[in-house]
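Just below is one structure, and these are the notes that go with it.
Every value quoted in this text rests on a predicted model; they were computed, and no experiment measured them.
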Amino acid sequence: MELLDFARGPAISVALAIFVFGTVWRLVALFGLPRMHDLSVPRPGTPGPIVAGTKEIFRRMWPRHEFSQLSMFSFLNGYVFHIGLAIIVFAFAPHILFLKGLTGLHWPALPNNVVYAVGAITVISLLAALIHRLTSPVLRLISTMNDYFSWFITLLPVVTGLMAASHLGARYETLLAIHILSVCALLIWFPFGKLMHAFLIFISRGTTGAFLARRGIQF
Amino acid sequence: MNAPVDINKASAKFLQVTAEHLAVYMEACVRCGLCAEVCHFHQASGDPRHTPAYKLVPMTKAYRRQSGPFAWLGLAPKLTEKDLTEWEELLFDTCNMCGRCTIVCPMGIDIASMTAAARQAFVAAGLGPEDLEQSAQNSLDHGSPLGLTVDKLEERIDWLADDYEVDIPLDKGKAEVLLTISSIEMMKYPDSVVAMAKLFNAAGVDWTFSTKGYEATNFGYLAGRADIAKAMVERIVAAAEETGAKTVVIPECGHAYGVLRWGGGNIHGKPLPFEVWHITEYLAKLKREGKLKFKPIDGKVTYHDPCQVSRRGGAKDDARYLLESFKEFREMEPTGNYNWCCGGGGGVQAIQRSAEIRYKVFRIKMDQVEKAGADALVSSCANCRLTMDESKAHWKWDHDLVSIVEALADAIDGPAAAKD
Ligand code: SF4
Ligand code: SF4
C-alpha cells in the first residue's frame with residue numbers, strides 16, 4: 001500500500017474514531033463526577049443558569065475595559081491563530097471536499113491563495129505564541145509538556161499543508177500523505193491533551209456564568 | 001504544623017471535594033497566564049509562583065491520578081509531600097478567594113472555588129498555617145476566633161450599652177431579625193456594634209443578638225475545616241430558630257456574608273430557614289422603605305469594595321445607594337466588581353507570616369485612593385479595615401479609614417423612622 005493510501009484510508013479512519021470516542025469518553029468521565037447542587041437561594045430577579053451561562057460564553061470573548069492594563073498580546077495573538085486555523089480547516093476547497101465526504105455538508109471555499117496567506121499568518125502567530133510562552137516568566141513556570149506538545153501537534157498540519165500546497169521538498173503525493181498523517185496525529189492527541197479546551201470552554205464559561213448570575217453579579 | 005504530612009488523606013480529600021465543575025476547571029486551563037496580571041499578590045510580588053493558575057497544580061495532579069478520564073492507565077504522577085508543602089503558602093497565604101482572576105480568565109475558571117476546596121485537602125494532610133487553624137479551632141471551642149466567648153459578649157454588650165446609652169438587645173426572646181457580630185468588630189472596632197444598634201433602633205427594627213449563635217465569621221470555611229464550618233452555620237441556624245427570626249443580618253464582614261449567604265445552605269445540607277443580608281443590603285432596604293434617613297456627610301471619600309460583598313456577593317449597588325449620603329464621593333479606578341483587594345480576605349489576615357505581602361498589596365489601594373483624590377477610604381468589612389489599618393500603619397499613610405455603618409449611624413436624620 002502506498003503511503004498516501006494508508007494515510008487516506010486506515011490512518012484517518014482510526015484517527016477519527018479515536019478523536020470521537022476519546023472526546024466522548026472524556027466528557028462522559030467529567031459529567032459522571034458528582035455534581036454540586038447549590039442550595040443557596042438565588043438573588044431575586046437574576047437569570048437562570050442556561051441564559052446566564054450562554055451570555056457568559058459570549059461575554060468572555062473580549063476583556064473588559066477595566067482590565068485595560070492587561071497585555072493584549074495573548075488575546076490578540078490567540079484570536080489570530082484560532083481564526084486562522086478555523087479558516088484553514090473550514091474554508092479551503094480540498095478540506096471542504098473531505099468534510100463533505102464525512103458529513104455530506106458543503107459550503108463555498110475561499111480562493112486558495114487567500115487560504116495560503118492565512119496559513120502563513122497562522123504559522124507566524126503560533127511561533128509568536130511559543131516565543132511568548134518561552135520568554136514570559138509566568139508562562140514558563142505554568143507551562144507543561146502538554147502545552148508544548150499541543151502547540152507542536154497544531155503547528156504540524158499547518159506547516160505540512162503549506163508544504164504540500166507548494167510542492168516543497170518532496171513528491172506531492174508524499175507531502176500530502178505526510179500532511180494527512182499529521183492531521184491524524186492531531187486528531188489522536190486531541191482528546192488526551194489541552195486541545196480539549198475547544199469543547200471545555202463552553203462548559204467552564206457556562207458554569208461560571210451560572211454561578212455568578214445566581215449571586216446577582218453582573219459584569 | 002509539626003505532624004507528618006499525610007499524603008493519603010490529602011489525596012482522599014481531593015477526591016472527595018472534586019465535583020464536576022471543579023474537574024472542568026482543572027481540565028480547561030490553557031495556561032495563558034492572564035490571571036497573573038490581575039491577581040494583587042502577583043502584582044505586588046512579581047513572583048510567577050503567585051500566578052492564580054499555578055495554585056491548581058496539586059489538585060489537578062491528584063485529580064489526574066485518581067479520577068481523571070485516564071486515571072485507570074496509572075500513568076499520571078502521584079501527589080507528593082513536596083507538592084503539598086510547597087503549595088501551602090500559595091493556597092493559604094496568598095489567595096483571598098476574591099475571584100478577581102475569575103473575571104479575567106478567558107476560560108471562566110473560578111480559582112477561588114478551587115482554593116477553598118484545596119485547603120480542605122491540605123488540612124486533611126496536617127498542613128495549613130497554625131494561626132489560621134487556631135482561629136478556626138477557637139471558633140469551635142470558644143465561640144469566636146478572637147476569644148469572644150459568651151461571657152465576654154455579655155460583658156462587652158453591657159459595657160457598650162451603658163457607655164453609649166444605646167439599647168443593645170441580647171437574647172430578647174422572639175425577634176424578626178437576628179443580628180450577628182464579627183468578633184473583629186467587637187474586639188477591635190466596638191463602635192461598629194454600637195452603630196448597628198443605633199441604626200436598627202432608629203429604623204424600628206425588631207432585632208436581637210443571640211448567645212446561641214453570634215459569631216458571623218466562619219473561620220472553619222476559611223481554614224479548610226468543613227466540620228467547624230458546619231458547626232458555625234448550625235449555631236446561627238439554632239439562634240434563628242430560637243428567636244423565630246426569618247432574617248439574619250451579617251455585620252461589616254465580607255467573608256462572613258459570602259460563606260453564610262452563598263455557602264450556608266450547602267454547608268447546612270438544606271436551604272437555610274431564613275434570609276441572609278449583608279448590613280449594607282439591609283440598611284439600603286431600610287433607606288428605600290423610608291425607615292432611615294441620613295444627613296449629608298462631609299469629606300472627600302471613596303469606597304473600597306470588599307470582594308465578598310461586591311465581586312462575589314452581588315451587592316455593590318446597595319453600598320453605592322448608601323454612599324449617596326457622602327457629599328463628595330468619588331469612585332476609584334477600577335471600582336465595584338473590578339476593585340482591587342485589601343489582601344487580607346479569605347483568612348489571610350489571620351496568617352501572621354503573610355503580613356509583608358499584605359503590606360505590599362496595600363500599596364495598590366493607596367495608589368487608587370490617591371488617584372481618586374479622596375481623603376478617606378470607606379469600607380463595609382471589618383476584616384478589610386483591620387488589614388488596611390495594619391498596612392496603613394506600616395506605610396505611615398495619612399488617609400483615614402472609615403466604616404460605612406459608623407459614618408451612617410452618626411448621620412441619622414430625624415428622631416426615628418416611620419412606624420409602619
Ligand atoms: S487565565 Fe484562566 S486559562 Fe489562563 S492561565 Fe489563568 S486560569 Fe488558566
Ligand atoms: S482569587 Fe484573588 S487572591 Fe486568589 S488567585 Fe485569584 S485574584 Fe489572586
Side-chain angles (χ1 to χ4, degrees), chain A residues 22 25-41 43 46 56-57 60-61 63-64 66-67 69-71 74-75 78 132-133 136-144 146-147 191-192 194 196-197 200-201 203-209 211-219, chain B residues 18-25 27-34 36-38 42 46 48-49 51 53-54 57 67-71 99 102-110 113 261-272 275-276 310-316 333-338:
Chain A
W25 167 241
R26 206 163 156 188
L27 293 175
V28 166
L30 268 180
F31 290 129
L33 286 168
R35 254 165 192 258
M36 202 198 86
H37 294 287
D38 195 338
L39 297 169
S40 65
V41 179
R43 191 175 285 281
T46 51
E56 191 77 358
I57 289 170
R60 281 186 194 259
M61 291 178 80
R64 298 276 317 182
E66 284 81 358
F67 290 140
Q69 93 279 9
L70 276 186
S71 64
S74 303
F75 265 99
H132 184 46
R133 193 169 282 289
S136 147
V138 162
L139 292 186
R140 257 212 326 267
L141 178 74
I142 64 175
S143 297
T144 62
N146 185 356
D147 298 296
F192 298 92
K194 177 189 188 179
M196 267 300 281
H197 77 269
L200 297 175
I201 190 169
I203 312 174
S204 63
R205 280 187 184 180
T207 304
T208 299
F211 165 85
L212 296 173
R214 185 180 189 90
R215 299 177 173 209
I217 305 160
Q218 284 173 346
F219 292 105
Chain B
T18 305
E20 175 201 309
H21 66 295
L22 297 186
V24 170
Y25 290 153
E27 301 262 20
C29 178
V30 290
R31 290 163 293 277
C32 67
L34 283 168
E37 298 185 38
V38 297
H42 177 260
R49 290 169 65 254
T51 299
Y54 196 56
V57 170
S67 59
F70 306 111
T102 306
I103 28 176
V104 80
C105 172
M107 302 299 291
I109 294 167
D110 187 34
S113 313
R261 173 67 180 91
W262 302 111
N266 300 325
I267 295 169
H268 183 49
K270 53 185 176 217
L272 296 174
E275 291 184 356
V276 180
S310 293
R311 179 164 50 247
R312 305 285 287 181
K316 73 171 171 50
E333 279 281 325
T335 186
N337 295 338
Y338 305 92

Which region of [X], side chain (C-beta onward) or backbone (N, CA, C, O), has a non-hydrogen atom less than 4.5 Å from a non-hydrogen atom of chain B, or is it both or neither?
X        : answer
A/Phe192 : both
A/Arg140 : neither
A/Phe31  : both
A/His132 : neither
A/Pro63  : neither
A/Ser74  : side chain

Exercise. For chain B, which of A/Leu141, A/Leu200, A/Leu212, A/Ile203 has the most heavy-atom pairs under 4.5 Å?
Worked result: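 Max contact count across the listed options: A/Leu141.
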
Hey, could you give me the [atom1]/[atom2] distance between [X] and [Y], rounded to the nearest 0.5 Å?
X        : Y        : atom1 : atom2 : result
B/Leu22  : A/Leu30  : CG    : CG    : 11.0 Å
A/Arg215 : B/Arg311 : CZ    : CZ    : 12.0 Å
A/Ile217 : B/Arg312 : CD1   : CZ    : 6.5 Å

Exercise. Quick check: are there more than 12 heavy atoms from other residues, nucleotides or ligands sitting under 6.0 Å from CD of B/Glu20?
Worked result: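 Above 12, so yes.
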
Can you say whether [X] sits under 4.5 Å from chain A via the side chain, the backbone, both, or neither, judging by heavy atoms?
X        : value
B/Ala315 : both
B/His268 : neither
B/Ser310 : backbone
B/Ala36  : side chain

Between [options], the one whose heavy-atom pairs under 4.5 Å with chain A are most numerous:
options                               : value
B/Glu27, B/His21, B/Arg49             : B/Glu27
B/Val57, B/Asp110, B/Val104           : B/Val104
B/Gly269, B/Cys105, B/Gly99, B/Gly264 : B/Cys105

Exercise. For B/Tyr25 and A/Thr207, does a side-chain donor sit closer than 3.5 Å to a side-chain acceptor?
Worked result: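 Per modelled atom types, B/Tyr25 and A/Thr207 side chains form no pair under 3.5 Å.
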
Which atom pair, heavy atoms only, marks the closest approach of [X] to [Y]?
X        : Y        : answer
B/Gly33  : A/Val138 : CA-CG1, 4.1 Å
A/Leu33  : B/Ala23  : CD1-CB, 3.2 Å
A/Asp147 : B/Val30  : OD1-O, 3.8 Å
A/Arg205 : B/Pro106 : NE-O, 2.6 Å
B/Arg31  : A/Leu139 : O-CD2, 3.5 Å

Exercise. Okay, side chain of A/Arg43, backbone of B/Gly313: is any donor-acceptor separation there less than 3.5 Å?
Worked result: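 Here the side-chain-to-backbone pair exists.
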
Tell me, do [X] and [Y] make a side-chain contact under 4.5 Å, heavy atoms counted?
X        : Y        : answer
B/Arg261 : A/Val41  : yes
B/Asn266 : A/Asp38  : yes
A/His197 : B/Met107 : yes

Problem set entry | ring pair (Phe, Tyr, Trp, His ring centres under 6.0 Å) against A/Phe219, all qualifying residues, sequence neighbours excluded |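 If we apply the ring pair (Phe, Tyr, Trp, His ring centres under 6.0 Å) test to A/Phe219, skipping adjacent residues, the hits are B/Tyr338.
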
Exercise. Taking only residues two or more places apart in sequence or in another chain, which ones pass salt bridge (Lys or Arg N to Asp or Glu O under 4.0 Å) with A/Arg60?
Worked result: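 By the salt bridge (Lys or Arg N to Asp or Glu O under 4.0 Å) rule, A/Arg60 matches A/Glu56.
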
